[in-house]
Asks: 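Got a structure here, written out as structure tokens. Questions coming.
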Protein chains: 2
Amino acid sequence: MTTQGTAPPTVYDVASAAGVSIATVSRVLRTPDAVREATRDRVQAAIRSLGYVPSGNARALAGRRTGVVGLLLPGFDVVPDERPDVVTDGGVRIVDDRRHVTQPTSSNLYFDEVLRGAETEAWQRGLALMVAAGRGPSRDVIVNDVAGRVDGLAVLAQTVPDELLEHVARRIPVVVLADDRRSRGFDSISVDNAAGMRTLAAHVIGRLGIRSIAYVAGPVDSPDDQERTAGFKRALEDHGLAPAVVRTVHGDFGRVRARELARALLDERVPRAIVCSNDQSALGVLDAVLARGLRVPDDDVVTGFDGIDAGRYSVPRLTTVHQPMGDLGRAAVRAIVDRLDRREGPPRALRLPVEVLLRESCPPSL
Amino acid sequence: MTTQGTAPPTVYDVASAAGVSIATVSRVLRTPDAVREATRDRVQAAIRSLGYVPSGNARALAGRRTGVVGLLLPGFDVVPDERPDVVTDGGVRIVDDRRHVTQPTSSNLYFDEVLRGAETEAWQRGLALMVAAGRGPSRDVIVNDVAGRVDGLAVLAQTVPDELLEHVARRIPVVVLADDRRSRGFDSISVDNAAGMRTLAAHVIGRLGIRSIAYVAGPVDSPDDQERTAGFKRALEDHGLAPAVVRTVHGDFGRVRARELARALLDERVPRAIVCSNDQSALGVLDAVLARGLRVPDDDVVTGFDGIDAGRYSVPRLTTVHQPMGDLGRAAVRAIVDRLDRREGPPRALRLPVEVLLRESCPPSL
DNA sequence: TTGAAAGCGCTAACAC
DNA sequence: GTGTTAGCGCTTTCAA
């Protein structure tokens, strides 16, 4: 409807229309049973006929709680896809998409899952969810903007500088996702990177009996990568292998770079297994290995970490460690609610379990 | 940080710490240039040392605008995946995922894209985004909750009953996505379903010269389906074909049902082309056609509509009409902002262009 | 350039 | 049961 010259109706309008006080209107909304039925009906009729919608802001201000939780994600990658061979017909573009290389948009999908989990949990608890992607220089503004409107804030690791987060945390509970930040005083929820990688590596080394391994790590400053690498080393020790036995290279978690690294690796010597610190890298490795004419898993097994969708569709499908991103979002909301009821107390960290998914690139047995 | 026994600081706290009035604090925040530098510095220092974050609610209340737009999506499908053959080791589950049938989670991905588009646009305009998935009986509550906290609301078609929407629209601008609801008085943004299907069908009939066609429609009450079907009929007329020539069946937009329908279809007679009203159906049809030992596109071409991810990974890859979901979200926010500056005026409808993506299941030429 | 004061729309005592 | 009233934390005239 677009008709609307007047200001939106308020409790006062409803009250006078129904011939009651504003307190009674408020009661009808919040504690209906405390109002006589006849009165209630009159008020409800007034609400309907006026088109009254209570102001969440006034309510939050008076009630000292907003009923909203915030979720701060890293900036969505706004990568407009390129499209080949375009023809236009009758206003509708026709694209020959046959050779279109499917682009990895994985990281976005990740956040989407977190978001969905958070939304679900928030809804179940009667809370609304406010999302923001903290990118660009105006990040401070956004953070403050969001922080000022919510009862608690969940922030994905490395989205916001610690200093800013600490400022915000003096006002509302903050929980950091995907990184254990207890040392900084934050509650946090992360995923059991180390155990996941250790278990997967144990499969490769112990179960499959492979001894010739290359390890494709990620950026050295990634906390995820550090934990995964630690888990990997742990598995080596478990089986009496010296880490030195393994050729380790550092990538950037990207597919392209991993492809290059894998090529170099294969030029030197072909390991029996290539274990990667994330799925994107593993897909890049897969590209290189297959391009070299090697067969996976027969000549070479390849593993990833994350459980991105692309790994379910690759050929061969990618063995990986699946992170429960939806659960991460859900747990975040739960943690905020918990902290709201118990403001004091030491920071807590929750570790969510991961799952090893054995697929064709590194099967249960050879 | 978890230390926090006291209430969050307010303008008053900042004001007295800086030895100024609350008005000055407000000015420092909103119109810094209107305050002498020395004063400003003192205030900013106080803000930092107190950990002051302005209350968005109080601000919205006083300022009569929230700076937030709402996005209402249909309930996320909370379909916990089933997992086969589980083994546990050291706390980490190991799953033999080799035969795991990839489940279609497409519709969710859709909303995710809309969401991302909306978030991006909102951010660029300095607005925050509040999301909610309106499911269950408490939908009314949610809608009112969200509506009371935002300056405008974007709603995906069929998420909220018209009546409720009209109520809300008396307070704030409402824009409906994916369905032209001008007749009900709403601004709306949709996708050019008819032109998309017409163009695709013209390719099949005109370019490829196919005359033996089956059409798998969706639920009769779906506005999307109606438009697509109209576009299809239009293409038939364009080429002098009577709609009666085409065998039409109605599915439910789901893969499973489409598989059944296709089987029945093939039992009767094998058409040269099967045009489907959405991708899920087309994937189901593909399943059935291939299971029957027919080759696609050699024996049979198959087309979908939507442009879901699964269609990029299917074998053969699915020819389809791609809807710009991200643009839908972006346009929604823009429409709200527009309407905010121009409350009066007839409802507007925006049609976004679609793209035909020719892939292997129905290539540019045979 | 700064301060005082009047709301913004609601909730929650506290009276009646 | 229902009404009165004092805030909730901020913005914004209007004066000074």
Side-chain angles (χ1 to χ4, degrees), chain A residues 6-44 46-47 50-68 144-145 147-151 170-172, chain B residues 6-44 46-47 50-68 144-145 147-151 170-172:
Chain A
T6 55
T10 72
V11 262
Y12 292 94
D13 301 315
V14 175
S16 67
V20 298
S21 76
I22 60 163
T24 297
V25 176
S26 181
R27 285 190 194 104
V28 169
L29 262 23
R30 314 201 52 83
T31 53
D33 296 334
V35 178
R36 195 197 312 151
E37 187 173 346
T39 319
R40 202 194 310 153
D41 290 345
R42 261 187 303 141
V43 172
Q44 271 158 351
I47 288 177
L50 291 173
Y52 169 72
V53 176
S55 155
N57 294 118
R59 188 172 268 187
L61 188 56
R64 269 157 269 256
R65 59 187 311 286
T66 65
V68 183
N144 266 307
D145 249 46
R149 319 176 158 286
V150 300
D151 291 331
R170 293 177 64 175
R171 172 180 245 264
I172 50 172
Chain B
T6 56
T10 72
V11 263
Y12 292 94
D13 301 316
V14 176
S16 66
V20 298
S21 76
I22 62 163
T24 297
V25 175
S26 180
R27 287 191 192 101
V28 169
L29 261 25
R30 314 202 53 84
T31 52
D33 296 335
V35 179
R36 194 197 312 151
E37 187 172 346
T39 319
R40 201 194 310 152
D41 290 345
R42 260 187 303 141
V43 172
Q44 271 158 350
I47 289 178
L50 291 173
Y52 170 71
V53 176
S55 155
N57 293 118
R59 187 172 269 188
L61 187 55
R64 270 158 268 257
R65 59 187 310 287
T66 65
V68 182
N144 266 306
D145 248 47
R149 321 176 156 285
V150 300
D151 291 331
R170 293 177 63 174
R171 171 180 245 263
I172 51 172

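Given the structure is predicted, the values throughout are model-derived calculations rather than measurements. Chain A is the first sequence line, chain B the second, and so forth, proteins listed ahead of strands; every chain is numbered from 1. The figures here come from the full heavy-atom set of this structure, side chains too, leaving out hydrogens, waters and symmetry mates.
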Asks: If you compare all heavy atoms of B/Ser21 against all heavy atoms of B/Ala15, which two are closest, and at what distance to 0.1 Å?
Replies: C-CB, 3.7 Å
Asks: Does the protein touch nucleotides 8-16 of chain D at the base, only the backbone, or not at all? Give it as B, S and - per nucleotide, heavy atoms under 4.0 Å.
Replies: BBBBBB---
Asks: Can you measure from CG (B/Asn144) to CZ (B/Arg171) and round to the nearest 0.5 angstrom?
Replies: 9.5 Å
Asks: Once you round to the nearest 0.5 Å, how far does OG of B/Ser16 lie from CG of B/Leu50?
Replies: 8.0 Å
Asks: Output, in order, the C-alpha distance, side-chain angles, deciding distance and verdict of side-chain contact (heavy atoms from CB on, under 4.5 Å) for A/Thr24 and A/Thr39.
Replies: CA-CA 9 Å; A/Thr24 297; A/Thr39 319; 3.9 Å; yes
Asks: Between A/Pro9 and A/Gly51, what is the shortest heavy-atom contact and its length?
Replies: CG-O, 3.8 Å
Asks: Rounding to 10 degrees, work out the angle separating the end axes of the helix from C/dT1-D/dA16 to C/dC16-D/dG1 (five pairs an end).
Replies: 30°
Asks: Apply side-chain contact (heavy atoms from CB on, under 4.5 Å) to residues A/Arg59 and A/Leu29 and explain how you reach the verdict.
Replies: CA-CA 11 Å; A/Arg59 188 172 268 187; A/Leu29 262 23; 3.9 Å; yes
Asks: Nearest 0.5 Å, what's the OG1-CZ distance between B/Thr66 and A/Arg149?
Replies: 6.0 Å
Asks: Before giving the answer on side-chain contact (heavy atoms from CB on, under 4.5 Å), spell out for B/Tyr52 and B/Val11 the whole-Å C-alpha distance, their side-chain angles and the decisive distance to 0.1 Å.
Replies: CA-CA 8 Å; B/Tyr52 170 71; B/Val11 263; 3.7 Å; yes
Asks: Taking 5' to 3' order, which nucleotide of DNA chain C is first and which is last to have an atom within less than 4.0 Å of a heavy atom in chain A?
Replies: C/dG9 to C/dA13
Asks: Give the intermediate values and the outcome of side-chain contact (heavy atoms from CB on, under 4.5 Å) for residues B/Asp13 and B/Thr10.
Replies: CA-CA 5 Å; B/Asp13 301 316; B/Thr10 72; 3.5 Å; yes
Asks: For residues B/Leu61 and A/Ser55, report the shortest heavy-atom separation together with the two atoms involved.
Replies: CD1-OG, 4.5 Å
